[in-house]
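Single-structure report; data block below.
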Amino acid sequence: MNQAIKPKGRSLSAEQMKQVPHVIARPQAKYAWAAGVAMSHFLEGLKQGKILGRRCMACERVLVPPRMFCERCYRTTDGWVELPGTGVIETFSISYIDTNANRIKDPIFVGVLAFDGAPPHCGIMHYFGEVSPEEIHIGMPVEPVWKPESERVGAITDIKYFRPREGIPSKRISQRRKRG
Amino acid sequence: MNLGKIHKDVAVVGAGMTLFSRRLQETGKEMSWEAAQMALDQADLSLDDIDAVIMGSAPDAFDGVHKKGDWLLDGAGGTNRPYMRVYTGGGTAVFAPIAGWWHVASGLFEKVLVLCEEKMSSCMPHAQSAFAHIWDPILDRPLKPNLVWIFSMEMQRYMHTYDVRYEDIALVAVKNKRNAVGHPCAQLADPDITLDDVLTSEPMALPVRRLDISPPSDGAAAVVLVSEDVAYELTNEPVWIDGVGWCIDSTMWTNRDLAFPKFVAHAARMAYEMAGIKNPRKEIDIAEPYDPFDYKELQHLEALGLADPGQAAIMTREGKTQRDGELPVCPSGGLLGVGNPIAATLGIKVGELFWQLSGQAGARQVPGDPAVGVAQAWGDLMQFSSVIVMRRRS
Amino acid sequence: MSHRDVAVIGVGYTNFNSVTPEVNWKELMFEAAQKAYQDAGIDPRRDVDSFITCAEDFWEGFSIFDEFTPDQLGAALRPMHTVPGDGLQGLANAYMQIKTGLFDIVVVEAHSKISELLTYEDVVQLSFDPIYEAPLSNGVHPYYVAGLEMRAYLQATGTTEEECAAVVVQNKRNAFLNPLAEFECELDVESVMRSDYAFDPLKAVEIAPRADGAIVFVLAGGEIARELTDVPVYLEGIGWCSESPWIASRSSDASYAKRAAQMAYQQAGLENTQLIDIAEVDDQFAFKALQHLEALGLARPGEAGFLMVEGAFGPQGQLAVNPSGGSLGCGHLMEASGLARALEIVLQLRGEAGQRQVEDAMIGVAQSWRGLPHGTGAVAVFSRRE
Amino acid sequence: MTFSEKFQRTTEMKHWLGDMEVDHFHYTAGVAGERFFIALRDRGVILGARCAPCGITYVPPRIYCEHCFAELKEDAYQEVGPRGWVRAFTIARLGKDGHPLTEPEILAVIDFGSDSTGFLHKLSGVAPEEVRVGLEVEALLKPKAQREGRITDIEHFRPVA
């Protein structure tokens, strides 16, 4: 039987791409997104050094990041809860690339933490600091390192990073599931 | 849902694709036309025969054209026709043919063209710059994330939860890049790649290394879908779309356990129920799961019910997923080997199953006369999946 | 085509406002969705088989906006997808899904949060062909294309600028009776004619201002609809079509709308357009309403303007056109514009249109156009069966 | 009421600034575009591509006929213009920022014969009130040394003297 695919297309090298006729343009696409009810309060909480969640009385979860509706129960959430801000590392990455895929020498520690006082696996993405590649692990207890109050603006970056909590035992083993 | 009451059965009768390449000279419209032409040729149809066109294309921020669906439409054969774009991130690759399926299954159209296009090279300095805007603007973007992070975090969680070894995961990259050697459109085929090459490749965001990742690509792909009323008039070897499923999980990705993609399992369940598949491990002959990263192939095989959680890596190590293994997985070469022009990977998922199940896959042909295949794509923030079950009935 | 019929069993909507700083897009969508589910008497977590949202990335400011849609509609861990198209195109997908026999209840959502886009004109220009079209007009407002299209339409049909002005007058006046509308205004043709040109022959006041809002439709197979509601509004037919995307290849007679209407009428078995009681047509630019009325066969080519001036399309006329106030009166809701047109038809056919109720309305047509610079549109025929 | 609480003071509402930009987009002109722009840059001519069965001349040229999908190969390419006729025009008075332009610009759809697709470009060298549909115009090109293979190598169209 004949080859079904008769591929078409002219591949270009990076250099050829600059040689063939082309147009270069810079997009202008700027936004001012309304933060909305839930996130406005959350951001105000960050400014005050607090992590705020919303409680859903139907499924008894504390939603963090907060929202005004529970996506599982499809109902309005019921009230605000302040969390201690501590948590454990749910997962992490040691990144040698930045946002534009440029290579960087000193790696960024980034990951998801699950907050204490929230349901399992519920948390946010953030940086981790004061930790080495050898030490960092899933289940590691962490706490927020806040910017000084005068520098906080109501943004996720009001927290500089999360760092290991001293003297708290790791949940490393208990979190691991058995092989299926 | 009303299983068993489908108005019209739908078959694939032609497929086409362009080269997958880091950069193509063709505009998105030209690429679309090239792929569409090939699919129409294979189905022995002309554009005149086509009742409607379905476009699948992922972020406008790659091509750099707002409303790119409408912009692309003349190259896709949409002029003066009902033309519909659907969009579910990376899941579009297998979702666009699902939309094509309901165009035909509803009885509204008899013959439709499904076209997927992606031109990632327009986005400078790197396709990653567009990915910077897939994140929540308040919670995530201020941290200046890179898309690879999210995969890295998911992979870490997956390895931890199921005790999966990186050496086994990396074997997927080796397999797929070798499989791609038989693919005339492949961008990263490598007959000589070794496990060691992957393990020692440049660290990107550990545990992810460079060779764990599929490359950004330009490309287009197309399939022609027709109703049961005309399928056998057009070919002796129609390949039927017997099951479709899709599912999206919550936006709040930091509120989920990333180890197991539940949304894939839900989508698979929907597609299997529709196709009457009760035991996928016995009934499926070929799998084309979405493999933008090597661990994703494993996670997806598990959620598709083709392996127990954590076991896909062992299947891979034992060679069961090789082209001549028990369950050939990504015989096309996958995204890791052929390339990853997001939506256009239609050509190596649904397109590949069409060629394999109709015996036209040439050097890539899976032995043993395969009759049933499953294709799957994944998209959004580790959140969406689309699944198609395809079957040759003879 | 499958004989299973399709009906609207619930609608929900927010007000249409020029800005909505008090909610984010999720909260806006949640409001409309919750109201629609109440209206339909369903639980989205249990009863809905498929969810569809209509959105474009650059309107929203996200590379993959699909990610940010399921939770607020009750669609988490359910089948859901995005249509980067107008709300009526979303409706078309729901219609087909139900017609396959596989899906019983399908939800369609469309919204506009366009007030959050600070560089609207730049983003519109980003939809032009980047090689041949966009570089020509750096610094010029991209709506100039509407001026070109209006010129071609006037030239081809002999329609006058006064007749186009009459559309503005009527729609902004109709909007007084629509509590959802944001841009009601008392004008007369003379004041429109004396207003400034933006892109000759198009005047600034003939351009629909933008608005925010969300609309949700719940559709079901006919047999289910009849169980769930006493007032099912049947979606009898829906058509959609695209012309060549090249600005300079555009027809002067909105052939996309013509073809879409033919498709919808054929599905609906509608042979005589005189049976239509209400039409909600796209009026992003005043002349477009006239062009679209002609494309839909509701006026002969070149006669829509004359009929508009005569009042034939007014609340007391032979055919009620845009009793909602249209986009000129309600605001242009981006991808939700088509659903806003369809919403008015549904409310009218259910007899829930309050002061603007068209008496004994049985059949209504909604039409959308996705806007500049493309020629993509859709037409939906609804009816209240006896 | 949709939520259990809403804002009570406007000062509680926050918004977040951001963008969806990349450094730049690099758009290739494609296969047909390469022919078109090299001809324009090097020879100062405007090329179209003709689909004979459909009777359409595409300007700018395409590698396919969008109606019948036939491939338009090299032999389909032909010079059109530089003379054409105004099919439609508008006087753009507003800038992208919504403010009036100091100099209104005329944009027009140009025909190169009745079977050509329209061609979008700027019109100049004529008072806005003197432009008419059907006006015969010609392309004014930049000097060869300044041409770079872009659509703006044509400065504008102007009435034929």
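Keep in mind that what you see is a predicted model, and the values were worked out from it rather than measured. Naming convention: chains lettered A, B, ... in sequence-line order (proteins, then strands); numbering from 1 in each chain.
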Would a 4.5 Å heavy-atom cut-off, applied to side chains only, mark [X] and [Y] as touching?
X: B:M204; Y: A:R103; value: yes
X: A:K8; Y: B:L19; value: no
X: B:T254; Y: A:C122; value: no

Does [X], at its [atom1] atom, have more than 12 non-hydrogen atoms belonging to other residues, nucleotides or ligands within less than 6.0 Å?
X: B:E202; atom1: CD; result: yes
X: A:R75; atom1: CZ; result: yes
X: A:E151; atom1: CD; result: yes
X: A:Q19; atom1: CD; result: yes

query = Hey, are B:R157 and A:E90 close enough for a salt bridge, meaning a charged N less than 4.0 Å from a carboxylate O?
reply = yes

Checking heavy atoms, do the side chain of [X], its backbone, both or neither come under 4.5 Å from chain A?
X: B:S250; result: side chain
X: B:M252; result: side chain
X: B:R256; result: backbone
X: B:M124; result: side chain
X: B:R141; result: side chain
X: B:M38; result: side chain

Region of [X] in contact with chain B, defined by heavy-atom distances below 4.5 Å:
X: A:I108; result: side chain
X: A:A14; result: both
X: A:M125; result: both
X: A:R67; result: side chain
X: A:A155; result: neither
X: A:N102; result: neither

Treating [X] as the side-chain partner and [Y] as the backbone partner, does any N or O pair qualify as donor plus acceptor under 3.5 Å?
X: B:N255; Y: A:V64; result: yes
X: A:S93; Y: B:S152; result: no
X: A:T91; Y: B:M153; result: yes
X: B:E26; Y: A:R10; result: yes

task = Of all the heavy-atom pairs spanning A:S13 and B:R23, show the shortest one and how long it is.
result = C-NH1, 3.7 Å

ask   = If every non-hydrogen atom of B:S121 is compared with every non-hydrogen atom of A:M17, which pair is closest and at what distance?
value = O-CE, 3.5 Å

ask   = How would you list all residue pairs meeting ring-ring contact (aromatic ring centres under 6.0 Å, His included) that involve residues 18-53 of chain A, not counting sequence neighbours?
value = A:H22-D:H26, A:Y31-A:W33, A:W33-C:F62, A:H41-A:W80

ask   = Per the side-chain contact (heavy atoms from CB on, under 4.5 Å) rule, which among B:V148, B:L147, B:V208 passes with A:I97?
value = B:V148

